Amino acid sequence: MEMGFYFYFVCCFLIFFSKASTAIDTISVSESLTDGMSLVSSGGSFALGFFSPDPFSKNRYLGIWYHNDPNKTVVWVANRMNPINDSTGVLKIEESSGRAVLQLQNKTSVWSTTNSTATVQNPVLQLLDSGNLVVRDGKDSNPEHYIWQSFDYPSDTMLPGMKIGIDLRTGFERRLSAWKNWDDPSPGDLTYGVELEAAPEMVLRKGLKKYALSGLWIHNGFSGIRNVRSNPIYDYDFVWNENEVYYTFSLKNKSRMSRVVLNQTESLRTRYAWNPETQTWEEYSKRPSDDCDIYERCGPNGNCDNNKLPVCQCLTGFKPKWPERWKSSDYSTGCIHSKPLNCQRGDGFIKVRRVKSPDITNLRVNKAMNLKECKAECSRNCSCMAYTNLDFTRDGGSGCAMWFGNLIDIKQFQSGSDGMDLHIRVSASETELMEKSEAITLATVVAALLGCLLVVCYILRTRRKLKVEAEDTNANDKENRDENEDLELAVFEFETITKATSNFSFRNKLGQGGFGPVYKGTLTNGQEIAVKRLSKSSGQGVNEFKNEVKLIAKLQHRNLVRLLGCCIHGDERMLVYEYMPNRSLDYFIFDQTRREVLTWSKRFQIISGIARGLLYLHQDSRTFGGDQIEDITSRIVGTYGYMAPEYAIDGLFSVKSDVFSFGIVLLEVISGRKNRGFYHANRSGNLIEHTWMLWAEGNPSDIVDDFLVETAIQIGSLLISLLCLLNTFIADEPGSDTEEGFQLALSSKQCGET
Ligand SMILES: *[C@@H]1O[C@H](CO)[C@@H](O)[C@H](O)[C@H]1NC(C)=O
Ligand SMILES: *[C@@H]1O[C@H](CO)[C@@H](O)[C@H](O)[C@H]1NC(C)=O
Ligand SMILES: *[C@@H]1O[C@H](CO)[C@@H](O)[C@H](O)[C@H]1NC(C)=O
Ligand SMILES: *[C@@H]1O[C@H](CO)[C@@H](O)[C@H](O)[C@H]1NC(C)=O
Ligand SMILES: *[C@@H]1O[C@H](CO)[C@@H](O)[C@H](O)[C@H]1NC(C)=O
Ligand SMILES: *[C@@H]1O[C@H](CO)[C@@H](O)[C@H](O)[C@H]1NC(C)=O
Ligand SMILES: *[C@@H]1O[C@H](CO)[C@@H](O)[C@H](O)[C@H]1NC(C)=O
């Protein structure tokens, strides 16, 4: 009888409550919230109630979700670790203590807000339209005076207005922690918050281990995150003063809601933005966003660069600690100084630009010092490995940050406003090398690059051979007659080559092209050589190969790498070139620091040098007949990123394919970026597509390397001289097709003037 009455009462109450619920955002002492009911914030943005993440599970949680989201995306959970087994949960507010308490039917409490220190006369629980659930004194004249608020105890979601960080007066920390699983809101081991050593940064941790860092806050962004100030969705701020340090964000437009969520299964911190048109959540950004965001990805003193393959590089002035491991993609052991430091005699500093700040462990900060004093201070202390100028005061002041010991977690950025400049301690001789730009003689830089052109020439020749063989059955006789000339060509013993290259050891490998790996070697007479080990699949006969080599050896030009000879071992073919001690162009052009050696005039000389070399191959050497303008090959060989699409896809080969490759090299030299592995935040595609888009947008000069721009080059004259060069070059090509819009709209008069 009594039971029946009870149910009747509950049902009436429920009906009453659910009808009224749209308007109710507050419960006071005489009221309670039972399973099935909900509070809705005044503006209708959020709702508070009971839910089960897994509809087939009995577990009930008290939580907050977006009211207008059909999927009821949950942003906060009260009893994360104590689910209720049935639907008897009741949320009420205690008059005596002023706490909100979640109780089971038998009055056991499964969750409650913390006790209030002050006496509360009329405690109320209110769900604000920001998604913040607060306990406040209903009699308090200040409605923003909260006794307790859910924003202080975030779950896995950061909402606009929430402060993630530390109250430095009390030590109280607000930190996100992921759900353990999609159906289990209890805290997983992925957490996100502000960590403060000598300076603060945002840290994503997996358990106790650091997993992804934001880098230090500089000016108005984090040094480890691409600058996102101008995004259409949110504004953000990072506050660090004597009272508190926190990160917060706000919405630019209320109709584009946004939230940050930790995802345990994906190990990600993801930002979502609401699309009001499609009424769905869209992933807006995520961290780690790429390989280089992973903590210590490239080991101590490594520099992670997404524009390179492999992404792990050593900082300028450093070399792999264990080259063998490094080459087998184990980067954990990191890098050491390539030339030992000598603090007593005096070391130098290299400025590395646009990098994420190293891990704040072992950081020391002096807010009063300027850059000059900072350098002096760092030079004095032999364990100071890097310094930089930091804007700690947020109003254009200065400050000094110094790192002691290994530099960890550095990442390289490409574009202007990302990252920060870091001055890194290196041996004095290293800085001298950097300054002595004439050390890199133009001829050798160009020569190394032209190695690839020889390869092109090799293909052309092969192609021609195949054609001739098909048409002329007497070809074999001719080749037999040529055999006497073999003596002219240096044919190296296989043993000589293996000895010179330490049996093709990893350590000797210089690089990898489309034709196979290249090794450095030293002959017994001391001469240094570069050995190109051709891929085995060619199936070419010995005589055929020797003829190729003889032909290439005949090509002599100051801008071409000289072929010394070849080596034949079983079905293996090798080409032996002279070694270029000053490395290749990419060693300089794609390195943030080394590329500063290459001023515009130097780059222009390089481009002209390549053009002359190519012209020689195509015309002056007369190695290939006039019929050699277009051909089709069934075997595609070349270096990816430089092959013309019609060649790479259809095997259609012509002199134009070389012009294409030349164009890529030209773009790379101007922009300082790799065509392959090109990365731009808002753009897909490669360097060519990016350039084309800039051209279409009317901003072609944006492609120019920031360094060149900074050195006050007149971009106008730069572009004109380049276009003129290209014009001359194309016009000179046999069979060039001006109707296809190849010819650039520049009069010879314009070019004559530059
Ligand atoms: C929930 O149910 C399980 C199994 O029915 C039981 O073992 C457990 O004690 C219950 N827990 C609570 C808090 O009611
Ligand atoms: C209330 O119920 C829960 C689970 O059903 C149980 O664990 C707890 O001991 C009970 N408390 C009391 C006071 O009976
Ligand atoms: C909070 O208040 C309750 C009830 O007044 C009391 O039982 C509990 O011990 C208090 N907790 C703390 C941490 O002070
Ligand atoms: C906010 O976004 C909505 C929908 O996208 C748009 O109609 C409105 O103009 C925007 N308001 C402002 C102030 O930008
Ligand atoms: C985590 O990622 C998975 C897979 O993308 C997704 O299904 C799940 O909803 C995400 N969890 C959260 C809390 O966003
Ligand atoms: C709701 O979930 C479904 C299935 O996961 C998804 O396709 C849909 O986009 C979601 N809706 C919103 C508003 O996020
Ligand atoms: C160098 O700096 C470190 C770290 O602050 C400090 O422990 C050490 O005493 C300093 N050494 C000298 C010689 O000043």
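In listed order, ligands and their atoms are each counted from 1. Note that the coordinates shown come from a computational prediction; the quantities given were computed from them, not determined experimentally. Keep in mind that the numbers below use all heavy atoms, side chains included, and drop hydrogens, waters and symmetry copies.
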Distance under 4.0 Å to a non-hydrogen atom of Thr265: what atoms of ligand 5 satisfy this?
1 (C)
So is there a nitrogen or oxygen of Ser383 less than 3.5 Å from a nitrogen or oxygen in ligand 7?
no
Classify the angle between the aromatic ring planes of Trp148 and Trp111 as parallel (below 30°), tilted (30 to 60°) or perpendicular (above 60°).
perpendicular
I'd like to check whether Glu277 has a polar contact with ligand 4, where a contact means an N/O of the residue lying under 3.5 Å from an N/O of the ligand.
no
Heavy-atom nearest neighbour in the protein, as seen from atom 4 (C) of ligand 7, with distance rounded to 0.1 Å:
Arg364 NH1, 3.6 Å
For atom 14 (O) of ligand 7, what's the nearest protein heavy-atom neighbour? Residue, atom name and distance, please.
Asn381 ND2, 3.4 Å
Any side-chain heavy-atom pair of Leu62 and Phe50 under 4.5 Å:
yes
For Asn263, counting its heavy atoms only, list the atoms of ligand 5 lying under 4.0 Å from any of them.
1 (C), 2 (O), 3 (C), 8 (C), 10 (C), 11 (N), 12 (C), 14 (O)
protein heavy-atom neighbour closest to atom 13 (C) of ligand 5 works out as Val261 CG1, 3.8 Å
Test your reading of the structure: does Arg256 have an N or O sitting under 3.5 Å from an N or O of ligand 4?
no
Counting only heavy atoms, which portion of Arg380 has something under 4.0 Å from ligand 7: side chain, backbone, both, or neither?
neither
Residue pair Ser57 / Ser52: nearest heavy atoms and the distance that separates them:
O-OG, 3.8 Å
